[in-house]
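Take a look at the structure below.
Numbering of residues begins at 1 and proceeds along the displayed sequence.
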Amino acid sequence: AKRRLELGESGHQYLAEGLKTPKGKGRAATRSPDSPKTPKSPSEKTRYDTSLGLLTKKFIQLLSQSPDGVLDLNRAAEVLKVQKRRIYDITNVLEGIHLIKKKSKNNIQWMGCSLSEDGGMMAQRQGLTKEVTELTQEEKKLDELIQSCTLDLKLLTEDSENQRYPFPQNLK
């Protein structure tokens, strides 16, 4: 669409030609009858296929196949068929949240929980939560017992009837 633009006070008017949204971009692409996840040709990849989220899932899967949790980033870029810059995008985020750490220049190591156990981790977490609750209750009972014993000891030592007995404070 052509439109006239007023630029400053110079009085010049320009025709804005060539400022069209490229095909496949913007809102017009979402209105097309083709599904955004369906490529038009076999060689064309969709936005979903090239998304960082999907690439991260593939990267984590590749990392989980490593026996010692160490992965060569050059190998990852080759296997996943992406630019190394995309791999760095993923590793920077994972390193920022302390799930991985750099071992050497092109090697990273997984530092998070086990990648192979999904359901087991939830059960373990529930068990630990229950154990923490029980320990908290036991700690509360012990604190109450300590407080009770302290009060009883104070009453015994301050009672005038007991002043004649050799308590540590009366041995001065």
*Under the salt bridge (Lys or Arg N to Asp or Glu O under 4.0 Å) test, which residues partner Asp89, sequence neighbours left out?*
Arg85
*Check whether Ile97 and Ile60 end up in the same hydrophobic cluster, where Ile, Leu, Val, Met, Phe, Trp and Tyr are linked by side-chain heavy atoms less than 4.5 Å apart.*
yes
*Would you say Phe59 and Leu52 make side-chain contact, with heavy atoms under 4.5 Å?*
no
*Spatial distance of atom CD1 (Ile100) from atom OG1 (Thr91) [nearest 0.5 Å]*: 5.0 Å
*Treating Ile, Leu, Val, Met, Phe, Trp and Tyr as nodes and any side-chain heavy-atom pair under 4.5 angstrom as an edge, say whether Ile108 and Met111 lie in one connected cluster.*
no
*Flag the pair Leu54 / Lys58 as yes when at least one side-chain heavy-atom distance between them is below 4.5 Å, and no otherwise.*
yes
Under 3.5 Å, sequence neighbours excluded: what are the donor-acceptor pairs made by side chains of residues 75-84?
| residue | atom | partner | partner atom | Å |
| --- | --- | --- | --- | --- |
| Lys84 | NZ | Asn74 | OD1 | 2.7 |
| Lys84 | NZ | Tyr88 | OH | 3.3 |
| Lys84 | NZ | Asn106 | OD1 | 2.7 |

*Leu155: which other cluster members, linking ILVMFWY side chains closer than 4.5 Å, directly or transitively?*
Leu151
*With sequence neighbours excluded, what pairs up with Thr56 under the side-chain hydrogen bond (donor to acceptor under 3.5 Å, both in side chains) test?*
none
*With no hydrogens and no angle check, is any side-chain donor or acceptor of Ser64 less than 3.5 Å from a backbone partner on Gln61?*
yes
_Test question: given the 4.5 Å side-chain rule for I, L, V, M, F, W and Y, name all other residues clustered with Val70, or answer none._
none
*asked:* List the residues meeting side-chain hydrogen bond (donor to acceptor under 3.5 Å, both in side chains) with Asn92, not counting sequence neighbours, and say none if there are none.
replied: none
For residues 128-140, tabulate all N or O donor-acceptor pairs below 3.5 Å that involve a side-chain atom, not counting sequence neighbours.
| residue | atom | partner | partner atom | Å |
| --- | --- | --- | --- | --- |
| Thr129 | OG1 | Arg125 | O | 2.8 |
| Thr133 | OG1 | Thr129 | O | 3.0 |
| Thr136 | OG1 | Val132 | O | 2.7 |

*In Å, rounded to the nearest 0.5 Å, how long is the span from CZ of Arg86 to OG of Ser51?*
7.5 Å
*If a pair satisfies salt bridge (charged side-chain N to carboxylate O under 4.0 Å, His left out) and one of its residues is in residues 91-110, list it, with sequence neighbours excluded.*
none
*Straight-line distance of Asp152 CG to Lys154 NZ, nearest 0.5 Å*: 12.0 Å
_Co-membership, hydrophobic cluster, residues Leu73 and Val93, 4.5 Å side-chain_ = no
